[in-house]
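It should be emphasised that the depicted structure is a prediction, and the values quoted were computed from it without experimental measurement. Below, read A as the first sequence line, B as the second, and so on, with proteins coming before strands; counting in each chain starts at 1.
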There are 2 protein chains.
Amino acid sequence: MLSLTEENYLKAIYHLSDGGTKSVLTNEIAESIQTKPASVTDMVKKLAVKNLITYEKYYGVKVTRQGKSEALSIIRKHRLWETFLVEKLGFDWGQVHDVAEQLEHIQSSLLIEKLDEFLGFPSADPHGHPIPDKNGKFHVSRQIALAEASGKKTVMRAVRNSSPAFLDYLSKQGIYIGATIKILERMEFDGSLEIIIDGKKKVYISKEASENILVTE
Amino acid sequence: MLSLTEENYLKAIYHLSDGGTKSVLTNEIAESIQTKPASVTDMVKKLAVKNLITYEKYYGVKVTRQGKSEALSIIRKHRLWETFLVEKLGFDWGQVHDVAEQLEHIQSSLLIEKLDEFLGFPSADPHGHPIPDKNGKFHVSRQIALAEASGKKTVMRAVRNSSPAFLDYLSKQGIYIGATIKILERMEFDGSLEIIIDGKKKVYISKEASENILVTE
DNA sequence: TAAAAAGTTTAGAGTAGTCTAAAATAATAT
DNA sequence: ATATTATTTTAGACTACTCTAAACTTTTTA
Ligand SMILES: [Mn+2]
Ligand SMILES: [Mn+2]
Ligand SMILES: [Mn+2]
Ligand SMILES: [Mn+2]
């Protein structure tokens, strides 16, 4: 069984590795986990002994099959809890992450199975991020950034950045997961967009915002 | 803010002190928390510095007003989570304690307020144990052990012992919280009882069982 | 291709919590 | 009252995790 700290390192490494594809450097981990490189080196050795990652001195780490499976189980818990907080307890989508950071470490497979069922086996969390199933598989529809979308009607599916500030901004603009978004005009000057939400509300959003909104066409 | 370990010690001390009335000895704490007396001595000093208990060398500890309030907040969380697990997720009443031991340490007052509301502000957990309100107050009806009850009709309110084994035994006998229990006969020989549940089901229970069933008359 | 810069690891130390063994104190029995 | 026993505390050590500072390796620059 992994300690809370080991779980946090492994999850961070998994995310930085883009789902286990890229290898990850010591400083990136330190940065992402708010700790010092020296501490990372220590922990990385521990995780390597447990076969969750492979570690090559000075060249970073790679997530193993076993590590991927453990990481996905933590991510699954995190996203199920976020869904619970929003759907059942009425939290705002910008309030849930920090609480889920704690809840994801509760150890009880029965709890997670029952929670999943209670929530109706959701396939995405409140930010549109996919929830892996019990076996670590997720089925995701092809999503693209609104910035790359054509002028066709699209549906908002997820956020790429889930900072409270951005989520608040979206809420204020009336943009939410499931909303229909059509691009009316793309400004050549700065890449900002004029869009229409649900065929009703016209708003202007910056290029940066449009890069963090994921849609399906 | 208290560490998880500090919270566990404080809660154990509070329970051993009968709600802050009696003073508690080092060995009792060690026993209850499954640790060694030497470790208890260390921790007890830390809690005393934080004004949660008073500590007199060789004579044990007493819970302070502040300690009582902290302990009640942990107990409140524990019992709300147990209620959630049974009422919403369909856990069995004997399965919830260990998971609640973990959940009680999640730090978020918003979460607890929302959970309380989601559950409909319950006044007792699945074992009939009272849930203190936000201010640490509980309103309890006068309960007595079934062993001390007269032949009048009583209502099952709580268990005194909540070990999975006892809870399982009760479930098998058809005894549950809210059930009507009437004593038909008390055996002089061993103090065992013949009772009738909800006016329908006759069962025999031992004296020991009857001492762990709390009822109101 | 050698020097400088950037990144990483090692060494040594600190905190929180735990333990064993020995010393100290309190309670009990003669 | 004194000796024995039970309880508690202290001393010293160990694990998990963290840090700073110094040493080392890799990458970049000139
Ligand atoms: Mn999150
Ligand atoms: Mn976490
Ligand atoms: Mn419990
Ligand atoms: Mn606990």
Which residue lies toward the 5' end of DNA chain D, A:A38 or B:T41, if each is placed at its nearest nucleotide?
B:T41
Would you please confirm or rule out a distance under 4.0 Å between OP1 or OP2 of [N] and any side-chain N or O of [X]?
X     : N      : result
A:T35 : D:dC19 : yes
A:Y55 : C:dT9  : yes
B:Y58 : C:dA23 : no

Nearest-Å distance for atom pair [atom1]/[atom2], residues [X] and [N]:
X     : N      : atom1 : atom2 : answer
A:K57 : C:dT9  : NZ    : C1'   : 7 Å
B:L4  : D:dA16 : CG    : P     : 17 Å
A:D42 : D:dT20 : CG    : C1'   : 13 Å
A:Y59 : D:dC24 : OH    : C1'   : 13 Å
A:N27 : C:dT8  : CG    : P     : 4 Å
B:K45 : C:dT15 : NZ    : P     : 16 Å
A:E6  : D:dT18 : CD    : P     : 10 Å
A:L47 : D:dA16 : CG    : C1'   : 13 Å

Tell me whether A:K88 forms a cation-pi arrangement with B:F118, defined as NZ or CZ under 6.0 Å from the six-membered ring centre and within 45 degrees of its axis.
no
Passes side-chain hydrogen bond (donor to acceptor under 3.5 Å, both in side chains), A:D125 versus A:H78? Steps please.
CA-CA 9 Å; A:D125 78 9; A:H78 183 100; 5.9 Å; no
Can you label the angle between the B:H129 ring and the B:H127 ring as parallel, tilted or perpendicular, going by 30° and 60°?
tilted
Base, sugar-phosphate or nothing for A:S39? Non-hydrogen atoms, less than 4.0 Å.
base
Under the side-chain contact (heavy atoms from CB on, under 4.5 Å) test, residues paired with B:L25 that sit two or more places apart
B:E28
